[in-house]
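Quick notes on the structure that follows.
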Amino acid sequence: MPPFRFPIPQGTLDMLILQILSLEPAHGYGIAQRLEQVSREAVQVNQGSLYPALHRLEQRGWLKAEWRESETGREAKFYSLTRAGRNQLAIEKESWNRLTAAVGLIFNEGQ
Amino acid sequence: MRKLLNLFRWKRQRLEKDLDRELRYHFERRVADRINAGLSEAESRRQAQIELGGVAQVQEEVRDTWIWGWLDDLARDIRFAFRSLGNSWLFALGAGSVLALGIGTNTAIFSVVNTVLIQPLAYPDARRIVSLEMLHTNTGRTSPEVSDPDFRDWQAQSSSFEAMAYCFGEDDVATIVNGRAEFANYRLVSPDFFAVFGLPPSAGRLLPRTGQARVVVVSREWAEAHFGHAEAAIGKTIAVYGGALEIVGVAAPGFHYPEETNIWAPAGRLGQSRVYRGLQVIGKLKPGVGLASARTEMQTIGARLAHQYFEDRFTNVTLTPLKEHLTGNVRLTLWLLMGAVSLVLLIACANIANLQLARSAARTHEIAVRAALGADRGRVVRQLLTESFVLTGLAAVGGVLLAHGIVRGLLALSPVDLPRVEDVRIDGTALLFALGLMLVSTFAAGLLPALDASRRNTSDALKQGGSKGAIASGSGRLRSALAVTEIALSVMLLAAAGLLLRSFEALHQVDLGFTSQHVLAAYTQYVVTNRKEAQDRIAFYRDLLRRVRAMPGVEAASGAAFLPLGKEPRPRIDYFMEGQPEPPPGERPKCEYQAITPDYFKTLKIPLKQGRDFDERDTIGRPRVAIINDSLARAAFPHESPIGHRIRIQRGPQWLEIVGVVAGARWRDPSQPPPPELFEASFQGKGGSLSLFVRTTRNDAGFGEALRRTLQDMSPSVPIHFETMDEMFSEALAYPRFRTELIGAFAGIAALLAALGIFSVLAYLVGQRTRELAVRRAVGAQVSDLIQLIAGQGLRLVLIGLVLGVVGALAAARLLAGVLFEISPWDLGAYAGATAVLGITAMLAILFPALRVVRIDPLIALRHE
C-alpha cells in the first residue's frame, strides 16, 4: 500500500518543471523520474499530464527543445530553459515564497 | 497560397511525428525500467500504460496546448501590434490613410463594376434574355434595327426561344394626362414583349395578345406620379399623339425597358418592307438552351433569309446577352477605372512596404533582442505580419467607410445614362471584396519587410546597440526596388491620364461647325391628325417664330425637326441624283436628313458657302428646294457646283432643286467628322413638329421660362422643354469627362504616393549614412558634393522608374485606343507630360532629404564613436 499522496496544486507542475530544467536539460522521461524522486513521499504527478505541460511551456517560449542522443543511445527530445524561462522561474519562486510566507504568518497568528 | 498551406501541413505532420516519438520513448524507457526491477514484460507494459494514462488522451491534450498556444500568441501579437502602432502613431496614421484610400477607391469602383457589369439584370432568369441584332455582312457592323418581316421569320423559324418580341417608339411624345400636356416616353411592342421579362403587373393586366388596339400599360412610377397609386391608374384615359388610349395595366415596380419608357402600347400591323428597319428585338432563351447553340440556329436562319431576299443579301443575325447590349459603351470605361484603382492600391502597398522597411530598420535592435530571447524566425515574421494585418484591418474599415462617400461622389459625377447606376451600393459582395483586398495588401505590404527584418543578423544588431542598427544592404536594394516600382506604376497611370486629358481637350476644341454659345434649344410637339391640322401647324410655328424673334434679347431664332448631339438621331436616307442611274438597294449612297425653317444657319452660325438660305418664299405649292452640306456636295458633285442640280430622296417622288451649300457640322457626335447632310424646308410641309433654336445676346436663365409662357399663350396643348446647347454639349461629353476626371484624380494620388516613396527611401538613406557623410565633411568634402552624392542616388532611381514606367505605359496604351479622340495612343505630349509631372514631383521629394545633408555637423563623426 503506497503512502497517501495529495495531488499537485494547479500551476505548480509548471514551476517544478522549470526548476528541474534550471539545473540541466532533460528529456520527458528524465523529468518524470526526477519528479518521482523528489516527490515520492508527498506529491503525486500524473505522468500523462507532464507532456501537455511541457508543450505548453514550449509554446510560451520558456522552454526550447531539440532532439539529441540520450544516455541509452536512442534519440530523445531534450528540453532546456530559455532566458525567458529562467526569468519566469525567478518570478514564480518569488511569488511562491511570498505566498507561503503569508500563509505561514496567518497560521502562526493564533499560537 | 498553396505553398503556404503545404508549409502548414508539413509543419503539422512534423509536430505529430515528434510527439509520437517522444511518447514512445517515454513508454519504452518505463517498460525497460520495470523489467530491470524484476517484473514480467507483460506486467511492465500494463503498469506503464496505466501510469501514462492512455497515449491517445495525452496526445489529444498536447494538441490542445498547440491550439491554445497559437491563439494565445495571436492575441498577444495583436495586443503587441496595437501597442507598437500606437508608439509610432504617425506612421500608423500615414500608412493607414494611404491604404484606406487605396481600399476605399477599389471597393467603390468595384461596387459600381459589380452592379453595372457583373450582376444580372433585375429580371427573372435575366441571363436568358438576349438582344437580337442585324449583322451587316458587307460592313461588318451590327445594328439593333430590324424589319418586321425579318422579325416574323426569325420568330417562326427558330426553336431556341421561349419568347421573342420587339419594341420601337420614341421618347418625348406629346401626351395629355389629367387634362395637361406633357411629354412621355412611348413604345409600341409586340404581344410577347412582357413575356420576355417575365414580370407580373403591379395592377391590372399586361397587354392582350389580340384585338383591343386602344389600350396601354404604363410604368409603375409614372402611374404613381400621375394618379397617386398603381390601382388608381387602371381604366383612366390618356391621349398620346392626339389619340385616346385606356390604361389597362401597370408594369412591375422599376420596370421601364427600353431606356426610361413610361407607356407601352400594342403595335399594330407593320410594313411589309424588309428595308424599313426600326425594331429592337429581344428574346428569352428556353431553359437549357445555350447562347452558342441559339446563335448557331439564328445564323442559319439569317443565312437562309439573306439567300432568299434581295434586301437581306448583306445581312445576318447576331445574339448578345441583353446585359452586354445595355452596358456595351460603359464596359471599357469601367474596366479602365478598375485598372487605375488597382494600380493605386499596388502603389499604396509598395509605399507601405517601404515605410515598414524603414521602421523595421529602426527596430532592428528590438527584433534582435526578441530573437536572442528565443523567438524563432517564423515567430518574428508572424508578429510583424500581425502588425501589418492590424494596420490593414483598420485601413479596411476606414476604406469601407470612405467607399460609401466615394460611391456617392461617383454617382454625382457619373453620366446620367450609366445603366443601373441607381442600384449601386456597398453590399455584401463589396465588403467581401474589401476583405480580400485587406488580406492581399497585408501580404503585399507586410511580407517582404517581415522576412527582411527577420533575416538580419542578431549578434551584429545587438553589438551596435541603440536603434541605429546595422543595415543589411539587401534591405536598401529592396527599398530602392519598391520606389522604382512605385514610380513606374505612377508613370503608367499619369500617361493614361495624360492621353485621356489630351483627347478630352481635343474633343472640347473640336470645331463643331455650329455655335452652342447663348443658344437655347426648345423641344416642342404639335400633334396633328389630318392634312388640315398639318397646315395649321406650319402657320403655328411661323407665328411662334415671329413672336420669339420679337422677344427682347433675341438675336436669331429658327426651328428644325431634330435636336443635335444624340438627343434625336436624324434619319439616314438614300438619295438619288437626276440624270444618273439608280443604284440597287443596299448600294445607294446615304445622307442625314433634317427639315428646317429659314434663319437656321444664321442662328447656329453655320457658314453658307454657296447659293442661298431658305426664305419666306419656300412654301407649299412653290418649287421644292433643298440645301446640302459640303460633305454631301463633295460626295455627290465632286467636279461641279451643285447649285441648280436636282436631287431626290427616298422619302418622296419629287425632285428637289439644290439652292444652297453650307459647311458641315458635327451635329450628332463631336468625335465624328460631319456626315453628308441634306436639308429640306420645313414650311414646304416637311419634318412635322419643330424644335426651336434661339440665340440670345447673353446667357439669360429666365429666357426659357419666357419662351414657355409665349408658347402657352398661343396653345396650351403644345408641351415644351428646353436646355441650353452648352448643357447639351456638356452632356454629350459626359463619358469622356467622367473617365478623364477620375483617372486624372487616381493618377494624381499615385504620383503623390510615388513621391512619398522616393522621399522616404532617400530620407532613410541620409539617416543611415549620417556618420559616413559627416566623416566625408570632416575630411574636406563640400556640402555640394554630398548633395550631389545623395541626389544622384535618388535621380538614378527616378530615371530607372521613369524608363520602366514609359515602357509599361506604351505596352498598355493599346487598351485606351478605343476611347481616344484624335490622339494616338503613342502621343508624345502625354508621355512627356507624365514624365515631367512625375519627374518634378520626384525632384522635390529628392531635394528635401538631400538638403538635410547641409545640416550634418562634421562633429557627429567624432561624437558617434
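Below, chain A is the first sequence line, B the second, and so on; all start at residue 1.
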Just how far is it from atom CG of B/Asp33 to atom OH of A/Tyr29, taken to the nearest 0.5 Å?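 So the CG of B/Asp33 and the OH of A/Tyr29 are separated by 3.0 Å.
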
Please list, chain by chain and in numerical order, all residues satisfying side chain to side chain contact (heavy atoms under 4.5 Å, CB included) with B/Glu43, sequence neighbours excluded.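 Checked B/Glu43 against side chain to side chain contact (heavy atoms under 4.5 Å, CB included); matches are B/Leu39, B/Ser40, B/Arg46, B/Gln47.
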
Heavy-atom contacts under 4.5 Å, residues 73-81 of chain A to chain B: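 Those residues of residues 73-81 of chain A which have a heavy atom under 4.5 Å from chain B are A/Arg74, A/Glu75, A/Ala76, A/Lys77, A/Tyr79.
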
Residue-level contacts of residues 17-25 of chain A with chain B, using a heavy-atom cutoff under 4.5 Å: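 At a heavy-atom separation under 4.5 Å, chain B is reached by no residue of residues 17-25 of chain A.
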
Report, by ascending residue number, the residues of residues 20-29 of chain B in heavy-atom contact with chain A at a distance under 4.5 Å; give 'none' if the set is empty.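 B/Arg21, B/Glu22, B/Leu23, B/Tyr25, B/His26, B/Glu28, B/Arg29 fall under the 4.5 Å cut-off.
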
Considering only heavy atoms, which portion of A/Ala53 lies under 4.5 Å from any heavy atom of chain B: side chain, backbone, both, or neither?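 Neither part, no heavy atoms under 4.5 Å.
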
Using heavy-atom distances under 4.5 Å, tell me whether A/Trp62 contacts chain B through its side chain, its backbone, both, or neither.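 No part of it gets close to chain B.
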
Side chain from CB out, backbone as N, CA, C, O: work out which of these in B/Arg30 comes under 4.5 Å of a heavy atom of chain A, or both, or neither.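 Both the backbone and the side chain of B/Arg30 come within 4.5 Å of chain A.
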
Start with the C-alpha gap between A/Arg56 and B/Val62, add the side-chain angles, then the distance that decides, and say whether side chain to side chain contact (heavy atoms under 4.5 Å, CB included) holds. CA-CA 8 Å; A/Arg56 193 166 54 240; B/Val62 170; over 6 Å; no

